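All chains are named by letter (A, B, ...) in the order of the sequence lines, taking the proteins before the strands, and each is independently numbered beginning at 1. Quantities reported herein were computed from a predicted structural model and do not represent experimental measurements.
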Amino acid sequence: MRLEELATTRSPKPAVTSSLLTRRQILKAGLAVTGLGFVSGCRNQSGKSVHRIAVPLQGMTAEFMQLWVRGAQAHPAIKNGLATFTVFDGRMDALTQANQFDTIITRRYDAIIFIPVDVQAGVGPATQAKAAGIPVIGSNTLLADRSLYVSYIGSESVISGEYVAHGVIDRLGGKGNVVVLEGLIGQSAQVERRQGINKVLARSPNIKVLETKSANWSRAEAQSLMENWLTSHGNTINGVISHNDEMALGAIEAMKARGIDFATHPVGGIDGLTDALEAVKRGEMSTTLQDANAQAQGSIDLALKVLIGPSYKPMSDIWNQYPGQLSWDDGKKTEYLVPWTPVTGENVDRLLAIRRAG
Amino acid sequence: MMSTPTKQMGRAGARSRTLGSLGQLFARYGIVIALGLIVLALSVLSDNFLTSGNLTNVLRQVSINGILAVGMTFVILTGGIDLSIGSVLALTGMVGASLVAGSKPHSPILAILAALAVGVVAGACSGIFIAWVRLPAFVVTLGMLSAVRGLTLIYSQGMPISNLSSGFKFLGQGTFLGIPVSVVLFGATALAAWVVLAYTVYGRRVYAVGGNMRSAHTCGINVRGIIFSVYALMGLLSALAGVTLTARTTAALPQAGVAYELDAIAAVVIGGTSLTGGIGGIPLTVVGVLIIGLLNNGLDLLGISSYYQQVIKGLMIVAAVLIDKARHADAA
């Protein structure tokens with residue numbers, strides 16, 4: 001049976017031309033002959049080889065990661081069986097993720113789409129995978145050593161910081177007192193969003209930051225923190241800038257309890273969570289949407305490009321969604337940046353409809 | 001409070017007795033003095049601290065941890081520990097929310113009862129393994145921490161549940177006679193637990209099991225039944241905290257309650273309940289809960305970094321255990 005498989009593996013396939021695949025076939029053949037082969041399961045019903053992609057991601061408790069996986073599942077190549085992907089839940093822990101890389105390398109996945117828990121701590125595992133000859137495609141989060149990614153698709157965190165600060169400060173007419181709710185200190189999203197916010201604050205001389213504190217991305221913590229700030233600063237707080245939507249929603253609950261009018265007291269978040277979109281619809285906050293679907297589907301196209309070669313044409317329609325801002329360019333670029341979508345009263349209904357359909 | 005007055009009276013010398021009793025006083029009520037000092041300091045340092053609005057906030061903010069700490073007091077009094085409460089809180093909050101979300105919500109009463117039932121079942125599972133299979137509580141509840149968090153994610157598909165009916169949200173946002181409902185729940189829970197522990201046969205048995213399991217057994221106490229019951233009760237109170245938290249944040253989140261067990265254990269330990277069981281009680285647990293809540297609130301009001309907050313909380317926990325140790329040495 002092994003020999004039969006060996007024979008089919010060797011039979012010429014027109015689409016497969018890349019040297020990478022040829023090398024893999026030789027490797028597989030070698031393993032099969034020595035009786036160690038794990039060749040079975042690499043093929044779909046029609047007999048064509050299936051590309052196995054491992055997806056070590058940050059943690060499945062975050063809604064954004066759920067949306068990412070949902071986007072990946074909807075990719076045409078996954079639906080028609082050209083590729084399969086396996087999610088490894090990093091549980092927001094760098095060590096867990098490093099251990100999962102060992103498994104991925106041992107199980108010889110064809111490619112890795114990597115969403116590192118930490119910018120620095122992800123370098124080691126990615127280096128290992130590269131050394132083992134498994135291509136690593138980055139999605140959502142960069143690595144300190146960018147050269148470890150064959151290619152990367154994500155959205156620039158710094159820009160989202162600028163958006164949220166602008167959103168709040170513009171609504172205040174460039175004048176007033178704000179408080180800033182920060183994410184888990186030290187995480188790259190927190191560091192970069194802070195950079196973006198500070199950039200805008202530096203250009204806004206009439207905005208005074210009354211308080212800056214971390215509520216650890218948590219809605220419940222932000223709610224308590226905001227209650228305490230409303231106690232200490234009373235009605236002098238004019239606006240809230242939050243590193244994510246969860247915390248913005250917590251602040252909104254605290255403000256509602258005080259009967260604060262959101263028309264004059266803007267709250268801004270980042271991510272475009274479903275709850276936040278609904279809050280935008282009610283006029284309680286503003287947010288910028290990070291397109292999880294585009295990051296997921298784009299990364300699968302980039303992985304298949306590496307596995308199949310230059311003949312591969314992208315199958316996802318995300319490459320047509322941002323005309324002039326995001327294009328495939330034959331999959332040759334090393335970095336693809338998905339634009340952020342500021343959510344407003346005009347587009348919120350459409351975005352909610354897309355979210356519900358998914 | 002359990003104490004051993006006869007032994008302390010036996011000390012020789014008036015001078016050492018005075019010092020000893022002062023030490024005793026401090027050891028027993030040091031934590032109350034600390035609470036007083038914190039209140040005094042915050043009143044001086046912040047104009048907004050001693051306002052009814054802020055004090056209501058503090059009580060509302062501590063109510064979740066307070067409900068959990070009351071249950072944890074029972075568990076720790078028997079010499080046990082429950083690490084799974086944060087996960088049980090998340091699961092029960094999710095179950096409650098799923099019944100009152102959307103366009104056709106069920107009655108909030110039904111949702112709360114369902115959540116409480118799930119909590120009791122989760123607690124009972126731990127209780128069975130600890131009381132009858134005799135596995136260490138630490139290990140069993142550590143397993144439950146992981147398993148129940150997993151069930152929460154499976155049940156919710158990892159997504160938050162929001163758009164809860166207003167009847168349900170009343171639990172977290174409404175007021176009763178001008179007092180937030182969550183505070184009323186915490187107060188009622190603490191009061192009932194205090195009465196049960198201090199004045200009922202069941203309460204005496206909880207102390208007896210924690211004080212000396214073997215002699216409790218010899219006295220004819222159903223030790224396993226008592227141990228089982230405290231974990232079931234802990235599950236019930238975790239569920240009460242779960243629905244209250246969900247109503248307060250107006251959404252059930254799959255990652256809710258992570259590490260809440262640590263704050264509940266901290267409050268109980270700061271309140272002087274001995275981790276080896278048999279010594280402690282609800283009133284000082286409430287003091288412990290208030291101290292943690294006031295530190296968070298006060299340092300927010302004063303604009304002090306949360307980094308210091310964590311250091312101070314850590315030092316308080318160690319100090320509380322030191323006091324406990326000194327008390328044991330005194331009694332011996």
Side-chain angles (χ1 to χ4, degrees), chain A residues 59-70 87 89 91-92 179 182 184-186 209-234 245-247 249-254 256-258 273-279 282 284 355 358, chain B residues 45-49 51-58 60-62 64-65 89-90 93 146 149-150 152-154 156-163 169 172-173 175 180 245-260 293 296-307 309:
Chain A
M60 287 302 284
T61 50
E63 181 180 339
F64 182 83
M65 289 295 138
Q66 298 283 345
L67 295 171
W68 193 101
V69 171
R70 211 200 263 175
V87 168
D89 181 351
R91 299 199 293 273
M92 295 310 289
V179 293
E182 300 207 291
L184 193 59
I185 302 292
V209 179
L210 295 177
E211 298 275 2
T212 302
K213 208 167 198 176
S214 173
N216 301 317
W217 305 122
S218 150
R219 199 182 297 199
E221 273 187 53
Q223 190 172 348
S224 293
L225 186 56
M226 190 66 199
E227 283 169 359
N228 292 340
W229 281 345
L230 286 170
T231 303
S232 53
H233 298 285
D245 283 342
E246 283 286 355
M247 296 189 293
L249 289 162
I252 285 173
E253 286 306 323
K256 269 188 198 166
R258 279 232 171 184
L273 299 186
T274 313
D275 279 2
L277 296 183
E278 275 160 6
R282 291 192 298 268
E284 291 164 1
R355 181 65 53 81
Chain B
L45 292 171
S46 167
D47 295 339
N48 304 303
F49 176 71
T51 55
S52 67
N54 186 53
L55 295 180
T56 311
N57 273 345
V58 172
R60 200 185 309 127
Q61 288 163 13
V62 303
I64 307 290
N65 187 36
L89 173 144
S146 176
R149 178 68 61 183
T152 311
L153 291 167
I154 293 167
S156 65
Q157 295 295 305
M159 302 294 270
I161 301 179
S162 48
N163 290 329
K169 283 195 278 194
Q173 311 201 309
T175 56
L245 177 79
T246 303
R248 180 164 144 76
T249 52
T250 71
L253 308 171
Q255 71 274 29
V258 171
Y260 277 23
N296 290 340
N297 172 260
L299 297 180
D300 284 347
L301 289 187
L302 299 176
I304 296 172
S305 152
S306 54
Y307 308 166
Q309 218 155 299

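Per-residue heavy-atom pair counts under 4.5 Å with chain A were compared for B/Ser162, B/Gly53, B/Pro254, B/Ser156, and the maximum is reached by B/Ser162. When A/Glu246, A/His233, A/Lys256 are compared by the number of non-hydrogen pairs under 4.5 Å with chain B, A/Glu246 comes out ahead. Here A/Ser224 is the residue among A/Ser224, A/Ala254, A/Gly234 with the most heavy-atom pairs under 4.5 Å with chain B.
Interatomic distance, A/Asp275 CG to B/Thr250 OG1, rounded to the nearest 0.5 Å: 7.0 Å.
Of the listed residues (B/Asn54, B/Asn296, B/Asn48), just one forms a side chain to side chain contact (heavy atoms under 4.5 Å, CB included) with A/Asn228, and that residue is B/Asn54.
Looking at A/Ala257, there are no atoms closer than 4.5 Å to chain B (heavy atoms on both sides), in backbone or side chain. With a threshold of 4.5 angstrom between heavy atoms, B/Leu302 does not approach chain A through any atom at all. Interface residue A/Ile185: only side-chain heavy atoms are found under 4.5 Å from chain B. Contact of B/Leu253 with chain A is made through the side chain alone, with heavy-atom distances under 4.5 Å. Using a 4.5 Å cut-off between heavy atoms, B/Ser46 does not touch chain A at all. Using a 4.5 Å cut-off between heavy atoms, A/Leu249 makes no contact with chain B at all.
B/Leu301 and A/Ser232 get closest at one heavy-atom pair: CD2-CB, 3.5 Å. The two atoms that bring A/Glu278 and B/Asn163 nearest to each other are OE1-ND2, 3.4 Å, heavy atoms only. In terms of heavy atoms, A/Arg219 sits closest to B/Ala251 at NH1-CB, 3.0 Å.
Between A/Met60 and B/Gln255, every side-chain heavy-atom pair lies at or beyond the 4.5 Å cut-off.
A donor-acceptor contact shorter than 3.5 Å is absent between the side chain of A/Gln66 and the backbone of B/Met159.
For A/Glu227, the salt bridge (charged side-chain N to carboxylate O under 4.0 Å, His left out) partners are B/Arg60, B/Arg248, not counting sequence neighbours.
No hydrogens or angles considered: nothing links the side chains of B/Thr249 and A/Glu253 as a donor-acceptor pair under 3.5 Å.
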